[in-house]
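Scroll down for the structure; my scribbles are underneath it.
Read the numbers this way: they start at 1 and go in the same order the structure lists the ligands and their atoms. Residue numbers run from 1 in the order of the sequence given. Since the structure is predicted, the reported quantities are computational estimates derived from the model, not experimental observations.
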Amino acid sequence: MAKAKLEELESPAMLEEFYRQMVFIRRFEEKCNVAYRLGKIGGYMHTAVGMEVTPVGFNHVLKPTYDYIITAYRDHPQPLLLGSDPVAVMGEIMGRSAGLSRGKGGSMHVYDIEKGFFGGWGIVGGHIPLGAGLAFGSKYKGEDRVTLCLLGDGAANQGVVFESMNMAALWDLPIIFAIENNEFAMGTRLEYHAADTELYKRGEPFGIKSERVDGMDILSFIKDAKRIVDWVRKEQKPFVMEIMNYRYNGHGAADNDRQLYRTKEEEAAAEKRDPIARLEKVLIDRNIMNREKMEAIDEELTDQVEAIYEAADASPFPDASEVYANVYTDMDPEKGH
Ligand SMILES: Cc1ncc(C[n+]2csc(CCOP(=O)(O)OP(=O)(O)O)c2C)c(N)n1
Ligand SMILES: [Mg+2]
């Protein structure tokens, strides 16, 4: 259930856990990038390198597996943190039968309903009304769940976002529209695609409370996210969060032309804000960990990721006979279900 109080969230043990989780996600995502280039992953794939604070922070302030999470296609970190079998996450990304959706969803459709994780959606903005629906469902049943609906700066322009915000405000739905402003959409950047680049204002016409937060600093993020999650749970009302972070990689694994919309200088400047490097500095300054220990942790987690990859790679592709399984359902035309 609720993971920890704020004081505990800053304890040395907790800071070490943040570090481990952020490094694990980065190494996992980097492994996916390599595997993609080796032809081991097909279709589209999008990684969250540089964006580790959001999933790790929320994982500590939400009630994992009780609260609902729904996101777009940058969906590897959430199930890993919620305790889904990592081999099943990697297996899904690799299209293998060990995958969470038996390899038929792929990277953009990682999904683990038992953990409260509702995917993994490829249509930009398409999952946002589904998030509102999840929040409606829990409120209707009198539960006190919070729904975290993650979306990108590009997705924030979709019409359905405004429709969903309208309904969420009208019906007081306990949902956080968490806009991850990583400065880029697909082949374009914020100033080229958004008439108003202050994305936290997207909820203002509907009277939804909103805030812009730093998504590159785990310590400040955890405080902001906790305050907001607690407020949404208590008030059972929506909230718009704009999370300022940065996408190191191209849009997806197939985006090789990123210099068309960003410069090398800008990328170098962003790396100075790197969330893992920032946490390393805190760990050193507070005498919690030295470089040697960090390197040992990194090595341990890199090996873990390698073992996960090997295990997933040993799993076969789904059998061709499964192609229609879980696609259609037998419906009684009389009953309509
Ligand atoms: C309806 C729709 N239009 C276009 C696309 C192609 N597309 C995929 S991702 C993307 C940009 C989304 O950018 P953003 O929301 O900022 O997310 P990020 O990739 O930065 O996480 C676009 C245009 C799509 N998948 N769906
Ligand atoms: Mg973006």
- Note on the structure: Result, protein N, O or S atoms below 2.8 Å from the Mg ion (ligand 2), excl. waters, equals 3
- Item | Ring-face cation contact, Y66 with R145, 6.0 Å cut, 45° max | yes
Decide if the gap between the ring center of [X] and the ring center of [Y] is smaller than 6.0 angstrom.
X   : Y    : answer
Y73 : W121 : no
F28 : Y309 : no
Y68 : F118 : yes

- Item | Full working for salt bridge (charged side-chain N to carboxylate O under 4.0 Å, His left out) between E300 and R20 | CA-CA 10 Å; E300 175 198 328; R20 284 179 166 274; 3.1 Å; yes
List below, pair by pair, the N or O atoms of ligand 1 and of the protein that are less than 3.5 Å apart, including the distance to 0.1 Å; reply 'none' if no pair qualifies.
| residue | atom | partner | partner atom | Å |
| --- | --- | --- | --- | --- |
| ligand 1 | 15 (O) | G154 | N | 3.2 |
| ligand 1 | 15 (O) | A155 | N | 2.8 |
| ligand 1 | 16 (O) | D153 | N | 3.2 |
| ligand 1 | 16 (O) | D153 | OD1 | 2.9 |
| ligand 1 | 16 (O) | G154 | N | 2.8 |
| ligand 1 | 16 (O) | F184 | O | 3.1 |
| ligand 1 | 17 (O) | Y73 | OH | 3.0 |
| ligand 1 | 19 (O) | Y73 | OH | 2.7 |
| ligand 1 | 19 (O) | R74 | NH2 | 2.6 |
| ligand 1 | 19 (O) | H251 | ND1 | 3.1 |
| ligand 1 | 20 (O) | N182 | OD1 | 3.1 |
| ligand 1 | 20 (O) | N182 | ND2 | 2.8 |
| ligand 1 | 20 (O) | F184 | O | 2.9 |
| ligand 1 | 20 (O) | R247 | NH1 | 3.1 |
| ligand 1 | 21 (O) | R74 | NE | 2.8 |
| ligand 1 | 21 (O) | R74 | NH2 | 3.3 |
| ligand 1 | 25 (N) | G122 | O | 2.9 |
| ligand 1 | 26 (N) | V124 | N | 3.0 |

- Task: May I ask you to test the R102-R96 pair for a side-chain heavy-atom distance under 4.5 Å?
- Result: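 No; the side chains remain at least 4.5 Å from each other.
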- Query: When you check the gap from the basic side-chain N to the acidic O, do D224 and R227 get nearer than 4.0 Å?
  - Reply: yes
- Query: Hey, is K201 close enough to E198 for a salt bridge, meaning N to O under 4.0 Å?
  - Reply: yes
- Query: After noting the C-alpha distance and the side-chain angles of Y261 and F184, does the key distance pass the ring pair (Phe, Tyr, Trp, His ring centres under 6.0 Å) rule?
  - Reply: CA-CA 8 Å; Y261 60 90; F184 311 109; 5.3 Å; yes
